[in-house]
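Please read these numbers as outputs of a predicted model, since none were measured by experiment.
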Amino acid sequence: MFGELDRRVPQITGLAAGEREVLRAATRDALRRTLQLRLNRVLLLELRAASLAGELPGADPAARWDAFLARACGPGFGEALRRRYPALHPRALASGRLLVEGAVELGRRFAADRQAVSELLGADPGPLRGLELARGDTHHGGRAVARLAFEDTAVMYKPRPVEVDAALRAFVEAVPGAGDLGVPRVVVRDGYGWAEFTGHRYCRDEAELARFYRGLGGWLAVMRLLGGTDLHAENLVAHGPVPVVVDAEALFTPDVDVEPSGRGDAVDRAARTIRTTVLRTGILPLRTDGYALAGVDLSAAGGLPGQQPRIRVPVIADGGLDSARLEVDEVELPPAGNHPSPEPVLIRHWDRVLAGFDTVTAALAELDARGELGRLVGGFDGCRVRRIRRPTQTYTDIGRMLWHPASLHDPDAARARARDILHRNALAAPGAPREPAVIDLEIADLLVGDVPVFDTEVDAEVSSAFLAGWRDADLARERDTIRSALVGAYLNERRLPGRVRTPARSPHAEDLDRRRRALAAEAVGTVCAAAVRGTDATATWISPVLTDYGWAIRPLGADLYTGQGGVAVALAAYLREQRAGRADRVHGVESVLAGALEVLAATEDTTPTRQLGGFTGIASQVWTWAALHRLLGTPGLLDRARARAALLTPEVLAEDRALDVLSGAAGVPVPLLDLAELTGESRWLDIAAEAGRQLERTAVVNDRGARWSTVMFPEGIGGFAHGATGAGWALTRLGLSAAGSRADRRRWLELGSLAHDFEESLYEPEAAAWADARIGGDVDHPTAWCHGSTGIGLAAIDLHARTGDPRHLRTALRSGPAGLREGFGWSHTLCHGDLGLSELLHRLRALDGHEGPSAAQADGELLTGIEQRGPVGGLAKEAFTPGLMPGLSGVVHHLLGMHPDARLGSPLLLALPEGPDPGP
């Protein structure tokens, strides 16, 4: 290969001697890099085998490493590799020759197009000084995008048709208000082209940042029309105030046929809606699933600093020693050039993203009204565009498998494995090719190191269909999708921007019950109206939801926190209160609830729940069905609770590492204790006891008390949802129950007391509040249920009522003033807003020693705030969030519970409602 390279490069006419040397050196470097990555495992295996066999002379590991390198350079080593790995040499030679061929082709094309490149750059750039070759994926026989560097400028070589890039530039230039949408100029050649190089640079000031985010919204509008996808962080570059799409080959991407989910037609419709909104562009924040990139946000707007998980990659451990081996390590994701500032705070600019979307959408609509938009969209007819039929990561994983030593030793078996994997992937990935002949072509590409590419030509039928689809789009849904996606990025940040408090203006306590009823009816009406309904009468919602990998826009899952379960509980509560005459009649609640329950049950039955806890896990489903049983009294609901509880086996509990109340073992005891009481079945006490034992096994105890190192917060923190308060509350509740032995209960009470000791260590008298123990947290003394004084106070009130322990009374009485330091005016949510504070204040009034606003004052403040601002979903702000804990269903439930006869229990304490109300 190197000899062929050295022979062919000097034959390229039109290149100076120095330019030929640049091409030759860059190609040799690319050959070494790519072949080393593909052959590392073979060489490390051979090293290890020789070391274990005692075949390497040397007094220490480094000397034996040197001995192996000498052996590998010897005449017999290559022949030994041929015998053991018959596929190695032919495939290495084939992939290397393709790379050489692609490099030589690049050199010839540059020599032929030098004048056109000079015109593209505006002047003769001078001789070629550098070449970045094969740094990305290769396609079509070893060809890859390359960067050619000159003295003061650079140009990009694209070994694919670039007519689509030229058409996109012409399109945005013709759209009024799209001046900040950048597309590099290109030189179009037959099957390839040259493009301006766009370098990354940060915005200089707030004015430039505002332009950038408006431009980002403009791109969403354009790509919604043109069916753009794959606009991830590598394909959009922040060039000061201009977001530049540097690779726009995936346009006019059709929706794919997806098999029914089994969760109901409403879920399938919701999923289809999400697939066809602006979310598909790849610009908006979206986290991936899968092993290698689980939880990674590759979007152009997302991937915010501090959010990205570390990714798993193979690395060489003990390099330079005879113990060298390949290990999987977790590393930081390399930075891309998509951000306009070193520390972008996306949430500060979401109004500008929406403004840019609205401006360009309005401009497109005006062009359409004048009859000009069809002509502009028709400018893409004849362009070749890419179809992303499988994720690149799938190809990367299979390609790595095909270059494994075992695969090189038995290539036929490796091909068979690859066929099977790609076939099974196609069954699970809508749109992926299933045809055996196509799969064989994919494997042929992977065998030489290429990533397969599918493309097609745009014609008048395709462009007209996308224009018609755009005309029929629900722009309100698109705007809400944008808001929701930006919220998802915001909620995934560990460091949140400062909150803005908006207290009620002239709050008053007049006519409280009528106002409460009106607000509750309006809120439940909004929830019902926003439901996605199926032809089978099922119902679900689209919203930012809390997943295993952070927040993402999905049809609701089966949990209590953001999911279908919490919405169902709120609707059931409204139905009961409506029947009892304590809530105004709202049409449709009963049918939406019935459809929601169908989806909830089907989701539980078809989708495994990985988490265990009381708000996002299996225990939350136990609580949900038990609460529905109490609210509705319908036969079969308690059986669902039993079926979910049966999944909480000792083995599952022993593997839990989430540990907290929200998603882990600390959230299991209370729902299971209640189930045991409802059914009279002691087996649920045994499961609750296993959860207690898991908390015992994992507790970190020192002179400050007990805390738990969780997956989310390894440092071990305070607070109810994720920290020591919640775990201590659960252990104390367990110690007061009939679960376990007398010795077990004594230990649980002692460990619960130690957890409260840790919480006490966070209390700062000078601030009269609890300190935030989260690493990276920006709120010194949080007041929410999840983190802070509301959750701490509610737990203390509950435990004081059960134990009479004065330490819990002291904690409870501290929580009111701590919460009132910030007061009302943040948001209307149970989890982190005014509703949680309202519940805390109501419960504190029953305690001796509490001094605070009267019930009427607090209720007046809350209701006036909702009337003036509408229900504000806290961190979600304007995005529609139907969930119980962070959204509108929580507003419904709390407003209903304000009636003194409601007896609806408290989701914040996993307290079940009282039994069915016969009504008047």
Could you walk me through whether Val701 and Leu754 pass the side-chain contact (heavy atoms from CB on, under 4.5 Å) test, one step at a time? CA-CA 8 Å; Val701 180; Leu754 289 171; 4.1 Å; yes

Could you walk me through whether Glu690 and Arg693 pass the salt bridge (charged side-chain N to carboxylate O under 4.0 Å, His left out) test, one step at a time? CA-CA 5 Å; Glu690 286 296 331; Arg693 294 182 186 109; 3.1 Å; yes

Using the rule given for salt bridge (charged side-chain N to carboxylate O under 4.0 Å, His left out), can you reason through Glu914 versus Arg630, listing the C-alpha separation, both sets of side-chain angles and the distance that settles it, and then say yes or no? CA-CA 6 Å; Glu914 295 185 24; Arg630 280 279 182 87; over 6 Å; no

As a quick check of understanding, evaluate side-chain contact (heavy atoms from CB on, under 4.5 Å) for Leu751 and Glu696, giving each step before the final call. CA-CA 8 Å; Leu751 186 55; Glu696 287 185 272; 3.9 Å; yes

Where do Trp623 and Val569 land on the side-chain contact (heavy atoms from CB on, under 4.5 Å) test, with the steps shown first? CA-CA 10 Å; Trp623 189 90; Val569 166; 4.2 Å; yes

Determine whether Arg683 and Asp686 satisfy the following criterion, salt bridge (charged side-chain N to carboxylate O under 4.0 Å, His left out), listing intermediate values before the conclusion. CA-CA 5 Å; Arg683 58 178 172 148; Asp686 297 336; over 6 Å; no

side-chain contact (heavy atoms from CB on, under 4.5 Å), that's the test. Do Leu695 and Leu731 meet it? Break it down for me. CA-CA 8 Å; Leu695 292 175; Leu731 286 163; 4.0 Å; yes

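Other residues, nucleotides and ligands place no more than 12 heavy atoms under 6.0 Å from the CD atom of Glu677.
Residues Met885 and Phe615 meet the side-chain proximity criterion, which asks for heavy atoms closer than 4.5 Å. Proximity of Leu638 to Thr679: side-chain heavy atoms (C-beta onward) are separated by under 4.5 Å at one or more points. Looking only at side-chain heavy atoms (C-beta outward), Asp559 and Gln611 stay at 4.5 Å or farther from each other. Residues Leu571 and Val592 are in side-chain contact: their nearest non-hydrogen atoms beyond the backbone lie under 4.5 Å apart. Contact of the Val586 side chain with the Gln578 side chain is registered, since non-hydrogen atoms from C-beta on lie closer than 4.5 Å. Residues Thr634 and Leu628 form no side-chain contact, since every pair of their non-hydrogen atoms from C-beta on lies 4.5 Å or further apart. Residues Leu600 and Thr624 meet the side-chain proximity criterion, which asks for heavy atoms closer than 4.5 Å. A 4.5 Å side-chain heavy-atom check between Leu884 and Val567 finds every atom pair outside the cut-off.
Summarising the geometry of Arg843 relative to Ser906, their closest heavy-atom pair is NH2-CB, 3.4 Å, with the distance given to 0.1 Å. The two residues Asp772 and Pro782 come nearest to each other via the heavy atoms CB-CD, 3.6 Å. Looking at every heavy atom in both residues, Phe758 comes nearest to Ala724 through CD2-CB, 3.6 Å. Here the shortest heavy-atom pairing between Ala739 and Trp748 reads O-CZ3, 3.5 Å. For the residue pair Arg642 and Leu675, the shortest heavy atom distance occurs at CA-CD2, 4.3 Å. Contact between Gly897 and Ala902 at its shortest, heavy atoms only, is CA-CB, 4.0 Å.
In terms of the ring-ring contact (aromatic ring centres under 6.0 Å, His included) criterion, residue partners of Trp729 (sequence neighbours excluded) are, by chain and number, Phe720. With sequence neighbours excluded, no residue forms a side-chain hydrogen bond (donor to acceptor under 3.5 Å, both in side chains) with Trp541. Evaluation of the side-chain hydrogen bond (donor to acceptor under 3.5 Å, both in side chains) rule for Asp584 yields Arg517 as partners, not counting sequence neighbours. When the salt bridge (Lys or Arg N to Asp or Glu O under 4.0 Å) test is applied to Arg807, the partners found at least two apart in sequence or on another chain are Asp757. Residues passing the side-chain hydrogen bond (donor to acceptor under 3.5 Å, both in side chains) test with Trp625, sequence neighbours excluded: Glu604.
A side chain to side chain donor-acceptor pair (under 3.5 Å) check over residues 588-601, counting only residues at least two apart or in different chains, returns the pairs Arg579-Glu590. Residue pairs satisfying the ring-ring contact (aromatic ring centres under 6.0 Å, His included) criterion with at least one member in residues 643-700, sequence neighbours excluded, are absent. Screening residues 728-741 for salt bridge (charged side-chain N to carboxylate O under 4.0 Å, His left out), with sequence neighbours left out, gives Arg733-Asp798. Legend: ring-ring contact (aromatic ring centres under 6.0 Å, His included) pairs involving residues 890-915, not counting sequence neighbours: none detected.
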Table please: side-chain donor-acceptor pairs of residues 519-532 below 3.5 Å, with sequence neighbours left out.
from	atom 1	to	atom 2	distance (Å)
Thr526	OG1	Glu522	O	3.0

Anything under 3.5 Å between a donor and an acceptor, one on a side chain of residues 263-271, the other on a protein residue two or more places apart or in another chain? List them.
from	atom 1	to	atom 2	distance (Å)
Arg263	NE	Thr603	OG1	2.8
Arg263	NH2	Leu556	O	2.8
Arg263	NH2	Thr603	OG1	3.4
Asp265	OD2	Arg269	NE	3.0
Asp265	OD2	Thr535	N	2.8
Asp265	OD2	Thr535	OG1	3.2
Asp268	OD1	Ser261	N	3.0
Asp268	OD1	Ser261	OG	2.7

Which side-chain N or O atoms in residues 656-665 pair as donor and acceptor under 3.5 Å with protein atoms at least two apart or in another chain?
from	atom 1	to	atom 2	distance (Å)
Asp656	OD1	Ala658	N	3.1
Asp656	OD2	Leu659	N	2.9
Asp656	OD2	Ala665	N	2.8
Arg657	NH1	Ala654	O	3.2
Asp660	OD1	Leu662	N	3.4
Asp660	OD1	Ser663	N	2.8
Asp660	OD1	Ser663	OG	3.1
Asp660	OD1	Gly664	N	3.3
Asp660	OD2	His722	ND1	2.9

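Judged by distance alone, with hydrogens and angles left aside, the side-chain atoms of Thr881 form no donor-acceptor pair with the main-chain N or O of Pro886 at under 3.5 Å. The backbone N or O of Thr783 sits less than 3.5 Å from a side-chain atom of Thr790, completing a donor-acceptor pair. Between the side chain of Ser838 and the backbone N or O of Asp834, no donor-acceptor pair lies under 3.5 Å. For the pair Thr829 (side chain) and Gly833 (backbone), a donor-acceptor distance under 3.5 Å is present. Between the Asp605 side chain and the Ala602 main chain, no donor and acceptor come within less than 3.5 Å of each other.
Side-chain polar atoms of Glu715 and Ser709 form no donor-acceptor pair below 3.5 angstrom.
When each of Asp674, Leu904, Leu631 is checked for a side chain to side chain contact (heavy atoms under 4.5 Å, CB included) with Leu912, only Asp674 meets the rule.
The distance from the CG atom of Leu837 to the CG atom of Leu830 is 12.0 Å, given to the nearest 0.5 Å. Thr273 OG1 to Ile542 CD1: the interatomic distance, rounded to the nearest 0.5 Å, is 4.5 Å.
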